[in-house]
Amino acid sequence: MSSLFPTYQRWELSAKSGKGATLKDTNGATYLDFVGGIAVCNLGHCHPKVIEALTTQAESLWHVSNLFQIEGQEQAAAMLAEQSSGDYVFFCNSGTEANEAAIKLARKHSGKNHIISLKNSFHGRTLGSMAATGQSKIHEGFGTMLQSFSYATFNDIESVKEQISADTAAIMIEVVQGEGGVRIIEPEFAQQLQALCKEYHILLIVDEVQTGIGRTGKPFGYQHFDLSPDIITVAKGLGNGFPVGAMIGKDFLQPAFQPGSHGSTFGGNPLAMAVVKAVLETVFEDQFLQQVQEKAEVFQTYLHQSLQGKKSVKDIRILGLMAGIECHEPVAEFITQARERGLLVLQAGPNVIRLLPPLVVTNEELKQAADILAQVVDQKTAAV
Ligand SMILES: *Cc1c(COP(=O)(O)O)cnc(C)c1O
């Protein structure tokens with residue numbers, strides 16, 4: 001019997017070790033890991049540079065209070081600010097906390113309460129970020145939600161306009177809805193949102209928890225859509241498996257977060273910052289991101305070759321190394337069969353297979369994955 005709250009539908013898989021895109025389980029089986037801890041291990045498992053940074057830091061200093069100067073935090077913040085539209089950074093420990101900080105900053109800066117987010121979005125599990133999440137299944141059973149969130153339709157600018165009021169502080173979006181089915185924002189909608197924000201003096205918050213840190217072939221996903229968000233949140237890929245998150249904001253927001261406004265005991269401690277620096281130094285290199293874009297094109301070609309024309313396949317969506325295969329039917333069975341053939345992939349909603357290979361994946365591994373998917377999609381298991 002397990003002593004854990006059964007909050008997860010766990011797979012029949014217990015991982016023992018990993019290297020790059022490969023994962024080994026406790027029975028000695030080897031898998032191609034296109035789950036990556038849910039878009040976390042962007043540099044693959046046990047990246048040497050990250051190991052080196054973590055172990056070196058572990059021998060000198062793990063944690064000090066945020067009342068102290070933390071050199072690593074200054075450096076990591078400068079790297080995030082340099083690559084983004086933002087200027088100042090607040091470090092925390094997860095995506096949900098980064099979004100919580102964003103919600104608080106938007107409210108405090110504007111003196112307003114209302115935030116528009118989008119249907120089928122996912123922003124986290126705390127009371128604030130859960131309320132921001134546009135999915136009733138996430139809210140169910142938890143009583144009254146934090147007030148003043150409303151949900152507009154993805155890629156429908158009229159539905160956003162209708163919800164704007166004098167109390168609207170911000171619009172919060174993902175440029176690719178990850179949990180919501182790998183749905184990519186339309187460039188026109190993105191531009192219309194930016195214009196609305198400008199016209200009504202509303203903050204634009206982009207949740208880059210899943211799309212950020214190189215996942216889409218650019219430092220941040222919004223950079224594909226020519227946006228200039230006021231607030232950006234990141235987490236998942238930021239620590240490559242070390243729990244860390246960050247909220248990045250433009251300079252005009254700085255006065256709203258002063259000593260005592262917000263805080264975190266663990267957020268941005270030296271151990272986390274050593275890892276973040278190693279990750280960012282690797283991912284934010286032009287050549288590295290160029291390679292990610294090349295791999296993404298190769299992957300797209302393989303996926304189309306393997307899956308286009310399959311009866312079950314409705315749509316193939318890809319931005320960088322974030323791909324979704326929407327099927328006409330539930331995909332749970334395909335995912336189980338892929339696992340039995342050595343490929344780990346995720347579901348996003350009932351009908352979408354989500355693929356999140358590490359950014360260090362090889363073209364050969366991408367081909368293997370596409371081949372396995374071709375074997376399992378359209379295969380119906382015999383009725384039992
Ligand atoms: C995973 C995710 C979150 C929540 O991050 P946690 O680290 O699990 O709290 C928030 N937003 C998006 C877009 C995510 O994908």
Side-chain angles (χ1 to χ4, degrees), residues 9 11 13 21 23 31-36 38-39 118-122 135 137 153-156 174-189 210-211 215-217 221 224-225 292-359 361-384:
Q9 183 81 51
W11 298 2
L13 194 159
L23 200 67
Y31 302 91
L32 201 49
D33 183 6
F34 279 28
V35 172
I38 314 194
L118 300 175
K119 287 176 189 161
N120 287 316
S121 57
F122 183 78
Q135 297 187 53
K137 71 168 193 220
T153 306
F154 196 58
N155 288 333
D156 176 355
E174 295 154 274
V175 290
V176 183
Q177 291 190 328
E179 305 303 311
V182 193
R183 273 172 234 279
I184 304 169
I185 200 168
E186 280 168 13
E188 192 192 357
F189 178 67
Q210 192 156 158
T211 47
R215 171 56 50 192
T216 68
H224 289 275
F225 303 95
V292 173
Q293 293 192 12
E294 284 162 19
K295 286 174 199 177
E297 277 174 36
V298 167
F299 196 30
Q300 181 163 26
T301 306
Y302 289 155
L303 287 176
H304 278 99
Q305 282 169 356
S306 304
L307 299 172
Q308 202 128 56
K310 292 264 185 196
K311 207 160 64 307
S312 310
V313 174
K314 187 174 167 194
D315 194 16
I316 301 169
R317 298 187 282 268
I318 182 164
L319 187 70
L321 284 175
M322 189 170 179
I325 297 155
E326 183 172 355
C327 293
H328 291 290
E329 62 216 87
V331 295
E333 183 61 31
F334 299 154
I335 286 172
T336 306
Q337 290 192 21
R339 183 162 78 237
E340 283 163 7
R341 287 171 164 80
L343 173 68
L344 305 178
V345 295
L346 278 171
Q347 212 170 313
N351 290 1
V352 180
I353 303 172
R354 178 168 36 151
L355 308 164
L356 300 161
L359 310 181
V361 72
T362 63
N363 286 355
E364 199 187 322
E365 288 166 335
L366 292 170
K367 180 82 170 73
Q368 277 172 27
D371 287 347
I372 292 173
L373 288 170
Q375 289 166 27
V376 302
V377 168
D378 279 0
Q379 289 299 307
K380 288 266 181 273
T381 40
V384 277

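Bear in mind the structure is a predicted one, so any value in this text is a computation, not a measurement. Scope of the values below: all heavy atoms of this structure, side chains included, with no hydrogens, waters or symmetry mates.
The shortest side-chain heavy-atom distance between Met322 and Thr211 falls under the 4.5 Å cut-off. In this structure the side chain of Ile325 never reaches within 4.5 angstrom of the side chain of Val331, judged on heavy atoms. Side-chain contact between Phe225 and Ile185 is present, with at least one heavy-atom pair separated by less than 4.5 Å. Under the 4.5 Å side-chain criterion, counting only non-hydrogen atoms from C-beta, Val182 is in contact with Val176. The side-chain heavy atoms of Arg215 and Leu359, taken from C-beta on, include a pair separated by under 4.5 Å. At a threshold of 4.5 Å between non-hydrogen side-chain atoms, the residues Phe189 and Thr153 do not count as touching. Contact of the Lys295 side chain with the Leu366 side chain is registered, since non-hydrogen atoms from C-beta on lie closer than 4.5 Å.
Taken from CD in Gln308 to CG in Asp315, the straight-line distance is 9.5 Å, to the nearest 0.5 Å. Here the CD atom belonging to Glu174 is positioned 8.0 Å from the CG atom belonging to Leu118, to the nearest 0.5 angstrom. Between atom CG of residue Leu355 and atom CZ of residue Phe299 there is a gap of 4.5 Å, rounded to the nearest 0.5 Å. Within the model, atoms CZ of Phe122 and CD of Gln135 stand 7.5 Å from one another, a figure rounded to the nearest 0.5 Å. Annotation: the span from Leu307 atom CG to Ile316 atom CD1 amounts to 5.0 Å, rounded to 0.5 Å. Atom CD1 of Ile372 and atom CZ of Phe334 lie 15.0 Å apart (nearest 0.5 Å).
Listed by chain and number, the residues in a salt bridge (Lys or Arg N to Asp or Glu O under 4.0 Å) with Arg354 are Glu179 (sequence neighbours excluded). Every residue two or more places apart in sequence or in another chain that forms a side-chain hydrogen bond (donor to acceptor under 3.5 Å, both in side chains) with Glu294 is listed here: Gln290. With sequence neighbours left out, Tyr302 forms a side-chain hydrogen bond (donor to acceptor under 3.5 Å, both in side chains) with no residue at all. For Lys314, the salt bridge (Lys or Arg N to Asp or Glu O under 4.0 Å) partners at least two apart in sequence or on another chain are Glu326. Taking the side-chain hydrogen bond (donor to acceptor under 3.5 Å, both in side chains) definition, one finds that Lys367 meets it with Asp371, sequence neighbours left out. Looking at residues two or more places apart in sequence or on another chain, you find a side-chain contact (heavy atoms from CB on, under 4.5 Å) between Ala369 and Leu32, Phe34, Leu343.
The two residues Leu13 and Leu344 have their closest heavy-atom pair at CD1-CD2, 3.6 Å. Closest heavy-atom contact between Leu303 and Ala323: CD1-CB, 4.0 Å. Taking each heavy atom of Val352 and Gly324 in turn, the nearest pair found is CG1-CA, 4.0 Å. Between Pro358 and Ala21, the shortest heavy-atom distance links the atoms CG-CB, 3.5 Å. Val345 and Trp11 make their closest contact through O-CH2, 3.2 Å (heavy atoms, listed as atom of the first residue, atom of the second, distance). When all heavy atoms of Val361 and Leu321 are compared, the pair lying nearest together is CG1-CD1, 4.2 Å.
Atom CD of Gln293 has more than 12 heavy atoms from other residues, nucleotides or ligands within 6.0 Å. Around CD of Glu188, the count of heavy atoms belonging to other residues, nucleotides or ligands within 6.0 Å does not exceed 12.
Gln177 places a side-chain N or O within 3.5 Å of a backbone atom of Lys119 that can act as its donor or acceptor partner. No side-chain donor-acceptor contact under 3.5 Å links Lys311 to the backbone of Asp378.
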side-chain contact (heavy atoms from CB on, under 4.5 Å) evaluation trace for Val35 with Leu23:
CA-CA 10 Å; Val35 172; Leu23 200 67; over 6 Å; no

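Of the options Glu333, Arg341, Arg339, a side-chain contact (heavy atoms from CB on, under 4.5 Å) to Val376 is made by Arg341 and by none of the others.
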